[in-house]
Amino acid sequence: MDTFSLLTLNCFGVPGWNTRARLRTLSRILNEAPYGLVCLQEVQTHRYRQLLTTSCQTSYVAQAYAGFVHAPKGGLLTLARTSIDQHEFRLFHERGLWYTPAVMDWILHKGVLVTDLTVAGVPITVLNTHLTANYMGNWTRNNPFAKQEYTELMQIAELVNAQPAERLVIVCGDFNIPRGSWLYDELLAAAGLVDPLSGDMRPTFRPYSGMGRHYGAPIDFTLYRAPQNLQLNVEAELKFESKVSVEGRVVFLSDHLGIETCFTWSHQTVTA
C-alpha cells in the first residue's frame, strides 16, 4: 500500500507579538511529522514565509508560492517532502468589495495555489486556497460576502474540472464557509468533490471575544476527487485542538484547527 498524507492549516501568520514564536513551534512540529505536503494559509509577510521555509527545510525540500510585494500571493505557502513537478497561482477573477472590510482580502490578492506532484506513480494536483472572509457571518444567498464566496467557489470548481481525469485532485484550505451550507453543497456538486469529514460539525475556527458564537463553524476543508481507476482509502482528523507550549507560554498555535488527511492506495488499482 502507498500513502500520501497532507496537512492544511490557516497558521494565523498575521503580524503580532507572538507570531514568530508560534511559527517556529509549528515548524518544529511539522519537521517531526510525516506529512508529504503541508498547505498553509494566512502567511502574511515574506519574513514569515522565510521563517517557515527555512525552519522546515530539514524535512520539506520543496516549496510553492507566488511572490508578491509584501507576502506570498493569497498568503498561501505549500511545503513538500519530495520534489514538485510544477506550480502556479490563479488569482480570483473577482476579489471582493474593496470598500468593505474585504479590502484586506483584496490587498492580499487571494486565489488558488495549484501544485502538481507525483507520488508512487500517481499524479496529484493540490489546490491550496483561502477564500474571502464573510465579515457578517451571514451565508444566506443574498448576502454580498456569500455571493463573493460563491463566485470564488465556482472558479475553484472550474479548476478542478479542468484537471485530467487520471489525476487525484485535492482542494484544501480556509474556505470561510460552513460545512452543510448551500455554498458547500454547490461546490461539491459542481466539482464532484468528496469530503472525508462530511457531517462533522466541530468548529475549525475559534471566534475572538465579542464575535458571535455562529462564527465558530467548520470552515476549513480537505476535499478530493479520485480517478476512477484508483481505489482510495481516505481518513481525516482535526489537529491542534489543544494549546501547546510556545517559548514558555501555553497558547493555541492558531485561531484555526488543522486537518490531517491520509490517502492510501494499492499499486494494483492503478492502470498503466
Side-chain angles (χ1 to χ4, degrees), residues 1-11 13 23 25-43 52-53 55-65 76-87 112-130 160 163 166-175 179 193-198 200 202 204 218-227 229-242 244 253-254 256-270:
M1 302 293 289
D2 289 299
T3 299
F4 173 69
S5 59
L6 178 148
L7 175 79
T8 181
L9 173 68
N10 178 325
C11 65
L23 296 182
T25 301
L26 173 62
S27 299
R28 176 182 55 77
I29 293 172
L30 294 178
N31 276 325
E32 295 172 355
Y35 302 122
L37 207 71
V38 175
C39 294
L40 300 175
Q41 304 89 43
E42 213 161 81
V43 181
L52 287 161
T53 55
S55 299
C56 290
Q57 65 185 359
T58 302
S59 299
Y60 301 91
V61 300
Q63 57 185 264
Y65 68 93
L76 302 174
L77 173 65
T78 297
L79 305 173
R81 191 171 291 273
T82 58
S83 62
I84 290 172
D85 296 335
Q86 63 180 8
H87 71 273
V112 184
L113 180 61
V114 184
T115 303
D116 292 340
L117 66 160
T118 304
V119 178
V122 175
I124 301 175
T125 296
V126 179
L127 282 63
N128 179 6
T129 191
H130 187 182
V160 172
Q163 302 305 315
E166 67 272 13
R167 300 192 72 87
L168 169 60
V169 183
I170 302 169
V171 187
C172 64
D174 178 358
F175 286 48
R179 177 175 283 116
L193 293 167
V194 177
D195 181 2
L197 288 174
S198 177
D200 190 335
R202 288 175 294 171
T204 60
I219 62 173
D220 299 87
F221 301 99
T222 296
L223 314 172
Y224 69 93
R225 187 200 74 185
N229 62 349
L230 189 67
Q231 297 179 4
L232 282 177
N233 179 56
V234 182
E235 297 181 355
E237 62 176 321
L238 300 183
K239 304 295 290 185
F240 310 132
E241 296 180 273
S242 303
V244 299
L253 271 180
S254 173
H256 285 249
L257 275 64
I259 301 176
E260 174 188 291
T261 309
C262 183
F263 301 83
T264 306
W265 66 88
S266 170
H267 272 292
Q268 285 75 16
T269 63
V270 183

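From a predicted model like this one, the values you see are computed outputs, not experimental measurements.
- Asn128 is not listed as a side-chain neighbour of Thr115, based on a closest heavy-atom distance of 4.5 Å or more.
- In this structure the side chain of Phe263 never reaches within 4.5 angstrom of the side chain of Val119, judged on heavy atoms.
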Next item on the list: Verify side chain to side chain contact (heavy atoms under 4.5 Å, CB included) between Phe4 and Leu117, making sure each step is shown before the conclusion.
Entry: CA-CA 11 Å; Phe4 173 69; Leu117 66 160; 4.1 Å; yes

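- Counting only heavy atoms from C-beta outward, the side chains of Asp220 and Leu238 never approach each other to under 4.5 Å.
- Atoms CD1 and CD1, from Ile170 and Ile124 in turn, are 5.5 Å apart once rounded to the nearest 0.5 Å.
- For the side chain to side chain donor-acceptor pair (under 3.5 Å) test, no residue two or more places apart in sequence or in another chain qualifies with Thr222.
- With rounding to the nearest 0.5 Å, the separation of NZ in Lys239 from OG1 in Thr261 is 11.0 Å.
- Qualifying side chain to side chain donor-acceptor pair (under 3.5 Å) partners for Tyr65, counting only residues two or more places apart in sequence or in other chains: Arg49.
- Taking the ring pair (Phe, Tyr, Trp, His ring centres under 6.0 Å) definition, one finds that His256 meets it with Phe205, sequence neighbours left out.
- Between Val61 and Thr82 there is no side-chain heavy-atom pair separated by less than 4.5 Å.
- Residues passing the salt bridge (charged side-chain N to carboxylate O under 4.0 Å, His left out) test with Asp116 are Arg167, sequence neighbours excluded.
- Scanning both residues, Gln41 and Gly173, for their nearest heavy atoms gives NE2-CA, 3.4 Å.
- Other residues, nucleotides and ligands contribute at most 12 non-hydrogen atoms within 6.0 Å of the CD atom of Glu235.
- Taking Phe221 as the reference, Phe175, Tyr184 meet the ring pair (Phe, Tyr, Trp, His ring centres under 6.0 Å) condition, with sequence neighbours excluded.
- Taking CD from Glu166 and CG from Leu168, the interatomic distance works out to 11.5 Å, rounded to the nearest 0.5 Å.
- Between the side chain of Thr78 and the backbone N or O of Ala64, no donor-acceptor pair lies under 3.5 Å.
- Side chain of Thr204 to backbone of Leu257: no donor-acceptor contact under 3.5 angstrom is found.
- Here OG of Ser55 is found 11.5 Å from CZ of Arg28. Values are rounded to the nearest 0.5 Å.
- Counting heavy atoms from C-beta on, the side chains of Leu253 and Cys11 never come closer than 4.5 Å.
- One distance of note links CG of Leu230 with OG of Ser266; it measures 9.5 Å at 0.5 Å rounding.
- Proximity of Leu30 to Ser59: side-chain heavy atoms (C-beta onward) are nowhere separated by under 4.5 Å.
- Between Cys56 and Asn31 there is a side-chain heavy-atom pair separated by less than 4.5 Å.
- Closest approach of Tyr35 and Tyr60 over heavy atoms only: O-CE2, 3.3 Å.
- For Asp174 against His130, the heavy-atom pair with the smallest separation is OD2-NE2, 3.0 Å.
- Residues Pro218 and Arg202 approach most closely at CB-O, 3.3 Å, considering heavy atoms.
- Taking the side chain as every heavy atom from C-beta outward, Ile259 and Cys172 never approach each other to under 4.5 Å.
- Of all the heavy atoms in Gln63 and His87, the pair that sits closest is O-CE1, 4.4 Å.
- Taking Arg179 as the reference, Asp195 meet the salt bridge (charged side-chain N to carboxylate O under 4.0 Å, His left out) condition, with sequence neighbours excluded.
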